[in-house]
Amino acid sequence: LANGACILQAAQAGNGNWLPAASVTQTFNVGPVSPSISSLAPGFVSSGAAPFTLTVNGSGFVATSTIYWGSTPLTTTYVGAAQLTAQVPAADVASAGITSVTVQTPAATAAASNPLQFEVDSGGAGADPSFASVSVTVQPGSAATYPVKLSASASNVSVQCLNLPPGATCSYSSATNSLTIATSASTPAGTYVITAVFTQTLTTSAAGLIFLPVLLLPLVAVRRKWAARGLWLAAVLAVAAGVTVMGCGGTSKSQTQTQTQTQTVTNSGSVTLVVQ
């Protein structure tokens, strides 16, 4: 009984009747229960994001409960026994990575909560994953499938799922363009918000002009004379800007080269798994 009293009354029997005996009152002081986290909102941002408000949902929160970003306490606002909020500074999401979020209550009998993981994506040219359905309900031991659309230029795609329920695993199939979360027979019932982190290689193309160096040859002959007059640099710039672009008769004297670049990025999306 939290902060209450337990009254123990002894009795004795006599002639078939229960007779009251002396009453003993004993008080048990019980501190706050250990907090528990069920979900984070948001569950991910891109690196370099502006400061934002992190909402932590769960249970067992009290006015003195504090949200921890890794090992760093955040200035926390108590909303209620099931929700806390805190401001996350931009410096904490400046670079990509995963950070553990917990809630701690400063009381000797209260341990830290279970951790949930927060994702900071590297971002990039690719769009975030787009799910056809963001919530699926399954029985323990069954699998939930989420069709997903990724960037058209994505290749070498892999996935990591954060905040999975116990006994669950996840995988991505490029053949069916779907994310699958498989539960086990021992997966507890509940509602789980899962962050799916997709690592993908993106290919981008850029076109550039290459000027024919032969068009600069006539300038060599007059370089010394023009250099003496400070005109050499101006002549080169003029050729690069105009003469090398259009030759006699309007024929282009430049070549276009397509440069292909690849980069590996992480982009995330959230799905909800309901286990009944």
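Predicted, not measured: the structure shown is a model, and the values here were computed from it.
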Heavy-atom side-chain contact between T195 and Q117 under 4.5 Å: no
With side chains defined as the heavy atoms from C-beta onward, is the minimum distance between Y172 and T180 less than 4.5 Å? no
If I compare all heavy atoms of S39 with all of V193, which pair ends up nearest, and what's the gap? CB-CG2, 4.0 Å
Heavy-atom closest contact (F131 atom, A196 atom, distance): CZ-CB, 4.3 Å
Distance-minimising heavy-atom pair for P42 and T53: CD-O, 3.7 Å
Verify whether one side chain among N267 and D128 offers a donor that lies under 3.5 Å from an acceptor in the other. yes
With side-chain contact (heavy atoms from CB on, under 4.5 Å) as the test, pick out the partner of V271 among V148, V136, I181. I181
When you compare the side chains of Q276 and T137, does any donor N or O come within less than 3.5 Å of an acceptor on the partner? no
Interatomic spacing from CD in E119 to OG in S46 - rounded to 0.5 Å: 9.0 Å
When clusters are formed by joining ILVMFWY residues with side-chain heavy atoms under 4.5 Å apart, either directly or through shared neighbours, do V159 and L273 land in the same one? yes
Donor-acceptor pair, side chain of D121 and main chain of S268, under 3.5 angstrom: yes
Rounded distance (nearest 0.5 Å) linking atom OG1 of T187 with atom CD of Q139: 11.5 Å
List the atom of A143, the atom of V138, and the distance in Å for their closest heavy-atom pair. O-CG1, 3.7 Å
Any donor-acceptor pair under 3.5 Å linking the side chain of S47 with the backbone of S95? no
According to the disulfide (SG to SG under 2.5 Å) rule, which pairs have a member within residues 43-75, sequence neighbours left out? none
Apply side-chain contact (heavy atoms from CB on, under 4.5 Å) to F61 and V103, showing your working. CA-CA 8 Å; F61 303 151; V103 171; 4.0 Å; yes
From N177 atom CG to K149 atom NZ, the distance as rounded to the nearest 0.5 Å: 10.5 Å
With a 4.5 Å limit on heavy-atom distance, are the side chains of L150 and V157 in contact? yes
T201 vs Q263 side-chain heavy atoms within contact, under 4.5 Å: no
Any side-chain heavy atom of L162 sitting closer than 4.5 Å to one from I98? yes
Does T264 form a side-chain contact (heavy atoms from CB on, under 4.5 Å) with S122? I'd like the steps, not just the answer. CA-CA 9 Å; T264 300; S122 65; over 6 Å; no
I'd like to know if the side chain of T102 and the backbone of P115 have a donor-acceptor N/O pair within less than 3.5 Å. no
Given the rule in the side-chain hydrogen bond (donor to acceptor under 3.5 Å, both in side chains) test, do T105 and S65 qualify, once you have shown the distances and angles that lead to the verdict? CA-CA 4 Å; T105 299; S65 295; 2.8 Å; yes
Could you give the distance from OG (S133) to CG (L179), rounded to the nearest 0.5 Å? 11.5 Å
What is the distance from atom CD1 of I194 to atom OG of S270, rounded to the nearest 0.5 Å? 9.5 Å
For a quick test of reading the model, state the closest non-hydrogen atom pair linking P35 to A111 and the distance between them. CD-O, 3.3 Å
Within a strict 4.5 Å, meaning less than it, do heavy atoms of the F44 and V93 side chains meet? no
Value rounded to 0.5 Å, distance of CG in L116 from CG in N163: 4.5 Å
Determine, step by step, whether V101 and Y68 satisfy the side-chain contact (heavy atoms from CB on, under 4.5 Å) criterion, reporting the C-alpha distance in whole Å, the side-chain angles of both residues, the deciding distance to 0.1 Å, and the verdict. CA-CA 6 Å; V101 176; Y68 275 72; over 6 Å; no
Please find the pair of heavy atoms, one from Q160 and one from C170, that lie closest to each other, and give the distance. C-SG, 4.3 Å
Would you check if the distance from the ring center of Y146 to the ring center of F198 is below 6.0 Å? no
Could you tell me whether the side chain of F52 reaches within less than 4.5 Å of the side chain of D92, counting heavy atoms only? no
Test item: V134 and T272 side chains (from C-beta on) under 4.5 Å apart, heavy atoms: no
Please tabulate, for side-chain N and O atoms in residues 72-86, each donor-acceptor pair with protein atoms closer than 3.5 Å (sequence neighbours left out).
| residue | atom | partner | partner atom | Å |
| --- | --- | --- | --- | --- |
| T76 | OG1 | I67 | N | 2.9 |
| T76 | OG1 | L74 | O | 2.9 |
| Y78 | OH | A81 | N | 3.3 |
| Q83 | NE2 | N57 | OD1 | 2.8 |

